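Quick notes on the structure that follows.
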Number of protein chains: 2
Amino acid sequence: MELFYSKSIFDGKGVLSEEESSHCVRVLRHKIGDMINVIDGLGTFYECRITRTGKNTDFEVVSVVPSFGAHEYKLEMAVAPTKNMDRYEWFLEKSTEFGVDDIFPVIGEHSERKIIKSDRCNKILLSAAKQSLKGAVPVLHEACSVTDFISYPHKDLRIIAYCGEADKTSITGALSEYKAGLTSGDYPHITILIGPEGDFSREEAALAIKNGFVPVHLGESRLRTETAAVAAVSAVYFTFIK
Amino acid sequence: MELFYSKSIFDGKGVLSEEESSHCVRVLRHKIGDMINVIDGLGTFYECRITRTGKNTDFEVVSVVPSFGAHEYKLEMAVAPTKNMDRYEWFLEKSTEFGVDDIFPVIGEHSERKIIKSDRCNKILLSAAKQSLKGAVPVLHEACSVTDFISYPHKDLRIIAYCGEADKTSITGALSEYKAGLTSGDYPHITILIGPEGDFSREEAALAIKNGFVPVHLGESRLRTETAAVAAVSAVYFTFIK
């Protein structure tokens, strides 16, 4: 199934951007009257009929599917950008396939990379959401410092994957315990913090733990930053699998 | 920690290949008398002292660590090569980080790619094993057909991740049930079969199930072939996390 993306859907009508329109009309040769599938990036899927083609493509909505491809929890991943940007982009793609809501590039004391190209990252997130049939595209937030991120008001389960010394449980143990404590109707909300190649500084880890982050380990293997991040996303995914 | 690789370690002495030697002596500027860390790719770690440098580098073994970075199960992944080879190489790297023993590139009826460059794949496996501090390098087997692979004699838990219709349990459910049935001293042995982009054919899936493969699903997200493979490796990893 081919998905198009449109931010402009109101009152049962919508428009594809020039880029999406070009793919729809020039590459896939769609014509007036053809049915296409559109997501709004916020979670809703629209089955639509093309009413006009051109630089932009107009369509009318025929049917609507809310929460399309949604997962049954809210997951925020705060992950330090990797030195090699390809690896971060891979994390973005894979975590979108599993399911993630918000991504915070966090810059730690030991971070070597302090900026990311958000345009390119957003393209990867959109492409991965389309490919994995999800109506919602993960939100990439502005980069911020680890200490600022820790200080935000966070809800529910907060986890820090820390390699240094601390009294740690396994990530799956922390997730299972959290899940067991949920009551019917609770909507799980999980925030996971993953540090840069050089790990968090002692001060950052101490501040996180003071602010209610549970220190966890990810098992005995030495995982790269982006692998640790995807491992954490998959651990959440498998915790809530049916 | 920098790891070197040598296939030539006997009687407390060993030799680095030209390539490893060049990295050791030219790039890292190691000299006679320096201590280096060497793996044999079969699971053992050697702390060594350099006794001669040159085109090849000779060393003597000072101490030995068996089962270095080993995981406590045997995992065989039979994964169909992806159309885009980069994606398969990514699977090789990530599954090595988590822990895998044997990789079988299996060619299904719906496979578009039927060959892989094993030299390049073996380099990626070695590099990932060194980077993640594992003494054993996963063994990449010759490509074979899905039906041939299914017909091999397999031990213990055999899993097929199949998207088509079948009476399926979740992969984590199948793994937990298997783990619960192990008794003290049992060494877990798991084989997981992941199909190509076009999934297994009905005949392949039926043959696998007939041969004792448990059909599982990987949750509700639509995962790419390589993501499904890494998801399966991480599910095993987290099942046996301590």
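Residue numbers start from 1 in every chain, and the chains themselves are labelled A, B, ... in the order their sequence lines are given, proteins ahead of strands. Nothing here was measured: the structure is a model prediction, and the numbers come from that model. Side chains are part of it too, since the values below use all heavy atoms of this structure and drop only hydrogens, waters and symmetry mates.
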Exercise for review: Count the heavy-atom pairs under 4.5 Å between each of Glu93(A), Lys134(A), Glu220(A) and chain B, then report the option with the highest count.
Suggested key: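 Of the candidates given, the most pairs with chain B belong to Glu93(A).
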Point to revise | Choice from Val230(A), Ile171(A), Val233(A), Leu218(A) maximising heavy atom contacts with chain B below 4.5 Å | key: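 Heavy-atom pairs under 4.5 Å are most numerous for Leu218(A).
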Within 6.0 angstrom of [X] [atom1], more than 12 heavy atoms from elsewhere:
| X | atom1 | value |
| --- | --- | --- |
| Lys114(A) | NZ | yes |
| Lys7(B) | NZ | no |
| Glu47(A) | CD | yes |
| Glu177(B) | CD | no |

Point to revise | Distance, nearest 0.5 Å, that separates CE of Met1(A) from CZ of Arg222(B) | key: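 Rounded to the nearest 0.5 Å, the CE-CZ separation comes out at 7.0 Å.
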Check your understanding: For the atom pair CH2 (Trp90(B)) and CG (Asp86(A)), what is the distance rounded to the nearest 0.5 Å?
Key ->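 Those atoms lie 13.5 Å apart.
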Review point. What part of Gln131(A) gets closer than 4.5 Å to chain B, counting heavy atoms only: side chain, backbone, both or neither?
Key: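 Answer is both: backbone and side chain atoms of Gln131(A) are under 4.5 Å from chain B.
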Non-hydrogen atoms of chain A under 4.5 Å away: do they reach the side chain of [X], the backbone, both or neither?
| X | result |
| --- | --- |
| Thr172(B) | side chain |
| Glu226(B) | side chain |
| Tyr237(B) | side chain |

Practice item. For His217(A) and Lys242(B), indicate whether the former's side chain and the latter's backbone hold a donor-acceptor pair under 3.5 Å. Key: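 Yes, His217(A) side chain to Lys242(B) backbone: donor-acceptor pair under 3.5 Å.
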Check your understanding: Short question: side chain of Ser221(A), backbone of Glu97(B) - any donor-acceptor pair under 3.5 Å?
Key ->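 Between the backbone of Glu97(B) and the side chain of Ser221(A) there is a qualifying donor-acceptor contact (under 3.5 Å).
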Review point. When you look at Lys94(B) and Lys94(A), which way does the side chain to side chain contact (heavy atoms under 4.5 Å, CB included) test go after all the steps?
Key: CA-CA 12 Å; Lys94(B) 295 310 165 200; Lys94(A) 294 310 165 200; over 6 Å; no
**Study point:** Closest non-hydrogen atom pair, Phe238(B) against Ala231(A)
**Key:**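 In terms of heavy atoms, the two residues are closest at CE1-O, 3.3 Å.
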Review point. Nearest heavy-atom pair of Ser170(B) and Ile241(A): which atoms, and what distance?
Key: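 Closest approach of Ser170(B) to Ile241(A): CB-CD1, 3.8 Å.
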